[in-house]
Amino acid sequence: MSNGILIADDSATARKVIRAYLNQCNFEVCVEKIDGVDALEKATELEPALIFLDLRMPRMNGACRSLMARVTMNAPR
């Protein structure tokens, strides 16, 4: 069973547009975060099925590498 989708973007507009599109396509968004540190914390806690990640965010710029490394370590192979 899916744990939903995490949206990480410092732009409120981008988060709103992404969430609206995903909801329209019947996908579940489990949480939105505005910076890399919070995104990493929630991704570790919730283990979402998919992460939409802005690569340039405050507090942990370039979070993609760190986030993906930590989250995928727990993903089923």
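Every value quoted in this text rests on a predicted model; they were computed, and no experiment measured them.
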Original post:
Who passes side-chain hydrogen bond (donor to acceptor under 3.5 Å, both in side chains) against Asp38, sequence neighbours left out?
Top reply: none
**OP:** Identify, with sequence neighbours excluded, every residue that meets side-chain hydrogen bond (donor to acceptor under 3.5 Å, both in side chains) alongside Glu45.
**Re:** Lys42
**OP:** Please determine which of Leu50, Val29, Val17 meets the side chain to side chain contact (heavy atoms under 4.5 Å, CB included) test together with Leu22.
**Re:** Val29
**OP:** Measure across Val31 and Lys33 and return the closest heavy-atom pair with its distance rounded to 0.1 Å.
**Re:** CG2-CE, 3.9 Å
Subject >> Closest non-hydrogen atom pair, Cys30 against Pro48 >> reply: SG-CB, 4.3 Å
Distance-only criterion, 3.5 Å: show the donor-acceptor pairs between side-chain atoms of residues 5-14 and protein atoms not counting sequence neighbours.
residue, atom, partner, partner atom, Å
Asp9, OD1, Ser11, N, 2.8
Ser11, OG, Thr13, N, 3.4
Ser11, OG, Ala14, N, 3.1

Subject >> Atom CD1 of Ile34 with >12 non-hydrogen neighbours under 6.0 angstrom >> reply: no
